[in-house]
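Only a predicted model underlies this, so the values are computations on that prediction, with no experimental measurement involved. Basis for what follows: all heavy atoms, side chains included, without hydrogens, waters or symmetry-related copies. Every chain is numbered from 1 and lettered A, B, ... according to where its sequence line falls, protein lines coming before strand lines.
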Amino acid sequence: MTNPVRIQQEDFSQDAEIAALKAVSKRIGGIATFLGCARDFSEGRDVSEIGFEAYGSMALAEMNKLRSEAIARFSLLEARIVHRVTNVRAGDNIVFIAAAAEHRAAAFDACRWIIDELKQRVPIWKKETTPQGESWVTQHP
Amino acid sequence: MTNPVRIQQEDFSQDAEIAALKAVSKRIGGIATFLGCARDFSEGRDVSEIGFEAYGSMALAEMNKLRSEAIARFSLLEARIVHRVTNVRAGDNIVFIAAAAEHRAAAFDACRWIIDELKQRVPIWKKETTPQGESWVTQHP
Amino acid sequence: MIRILFFGPVAERVQMRETQIVFTAGMRLQDVVASLGAQHPQAFDIVSFTAVNQAQVKDMQLPLNDGDEIAFMAKFSGG
Amino acid sequence: MIRILFFGPVAERVQMRETQIVFTAGMRLQDVVASLGAQHPQAFDIVSFTAVNQAQVKDMQLPLNDGDEIAFMAKFSGG
């Protein structure tokens with residue numbers, strides 16, 4: 001069984017993640033997932049490639065904290081968070097979140113909370129390659 | 001490519017559904033999914049099996065309407081709805097909803113809306129087998 | 001002929017899944033409901049939705065046509 | 001020694017991913033920020049988060065220890 005929180009180069013399988021999630025409990029009634037994908041278009045520019053860079057040790061620690069907090073906060077039965085750190089093209093998978101609960105409301109609330117928090121708290125940066133060159137996606141402080 | 005709205009006996013694959021969803025557009029940034037599973041426990045009783053029955057022609061028409069309404073209402077790029085009608089045991093898949101949008105908020109809102117509406121609008125009934133016998137899950141009007 | 005369908009909990013109480021009734025000119029939905037409801041009161045206790053030709057109908061005054069398909073349904077519990 | 005890490009947009013502006021500075025007794029986080037910030041003002045313009053030993057720190061008065069790992073980071077854009 002793979003670890004429920006991972007940073008990896010390679011792609012992942014929803015079927016494998018869901019199977020691992022379900023193996024934890026027979027009480028699961030609803031699983032909400034979020035799959036973030038690379039788009040070919042961002043803020044008016046064509047994007048041919050997106051590269052990711054992470055502060056690996058801190059990112060993994062923050063993702064593990066996020067999973068534990070989500071499980072406690074939403075009474076989840078299980079949750080998984082996988083983020084790829086590599087170069088991706090349009091349509092490729094970037095991030096996968098899955099939240100399993102007895103009932104669907106908690107699963108949806110938790111899944112949305114995890115991806116919102118991940119974007120705020122996990123040290124990963126994205127660089128887009130466009131016809132105008134490469135640029136880091138970052139706002140000024 | 002399978003139809004994006006289906007009622008079927010056999011199980012489905014999330015990977016296959018997501019691949020079919022993504023094939024429609026390179027603009028997809030977020031895909032929210034909901035997977036409903038059979039639980040071994042419902043309202044205080046152990047459940048060994050759940051059987052489903054549908055008014056097939058009407059259920060399929062309502063699910064197609066739901067998909068179209070969701071796409072229009074949340075500006076989705078694509079959506080899929082699959083419901084199994086068969087006998088299932090704890091852990092088995094029952095229903096799968098996927099909503100794909102440019103950004104995650106619309107994908108989450110749409111996915112949740114579709115499953116909420118499906119439960120209200122699609123003529124499918126569920127019968128639970130417990131140690132006390134079989135009983136239809138239905139509220140009085 | 002009017003085709004009548006029952007599903008799930010309603011079918012269980014009516015003890016059949018399908019029946020037919022003869023169409024007569026001027027027939028309205030309420031005529032079918034009154035006739036079947038009198039024969040199967042326990043089943044009609046849990047009827048929450050009625051569909052004519054796969055579309056939900058709330059107006060019991062709806063005129064019927066020969067060949068219509070009517071379904072009497074309990075609250076849905078899919079998903 | 002204090003190990004200093006830069007990532008993504010900050011690394012690009014500093015033009016390095018890692019450096020070291022000599023630890024001196026009584027050293028505080030603000031001493032490191034002042035020293036590196038003066039050398040790389042453009043990079044520190046976009047620094048939004050500082051972590052010491054993989055945990056975010058907001059108090060620049062934090063005393064440092066020999067062997068600490070400090071990261072200066074731009075706003076995150078993962079997910």
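Residues of residues 62-96 of chain B that come closer than 4.5 Å to chain A, counting heavy atoms only, are B/A90, B/G91, B/D92, B/N93, ordered by residue number. Within residues 105-118 of chain B, the residues approaching chain A closer than 4.5 Å by heavy atoms are, in numerical order, B/A105, B/F108, B/D109, B/C111, B/R112, B/I115, B/D116.
Of all non-hydrogen atoms in B/C37 and A/I31, the two that sit nearest each other are SG-CD1, 4.0 Å.
For the options B/G30, B/A23, B/A38, B/G29, heavy-atom pairs under 4.5 Å to chain A are most numerous at B/G29.
Around NZ of B/K26, the count of heavy atoms belonging to other residues, nucleotides or ligands within 6.0 Å does not exceed 12. Within 6.0 Å of CD in B/Q8 there are more than 12 heavy atoms belonging to other residues, nucleotides or ligands. Counting non-hydrogen atoms of neighbouring residues, nucleotides and ligands closer than 6.0 angstrom, the CD atom of B/Q9 reaches no more than 12 such neighbours.
When side chains are defined from C-beta on, B/D40 counts as touching A/R27, because their heavy atoms get closer than 4.5 Å. Contact annotation: the side chain of A/I18 approaches that of B/L35 to within less than 4.5 Å [non-hydrogen atoms, C-beta and beyond].
Proximity to chain A is limited to the side chain of B/K22, based on heavy atoms less than 4.5 angstrom apart. Contact annotation for B/E102: both backbone and side-chain heavy atoms come within less than 4.5 Å of a heavy atom of chain A.
In this structure, the side chain of A/D15 engages the main chain of B/Q14 through a donor-acceptor pair within 3.5 Å.
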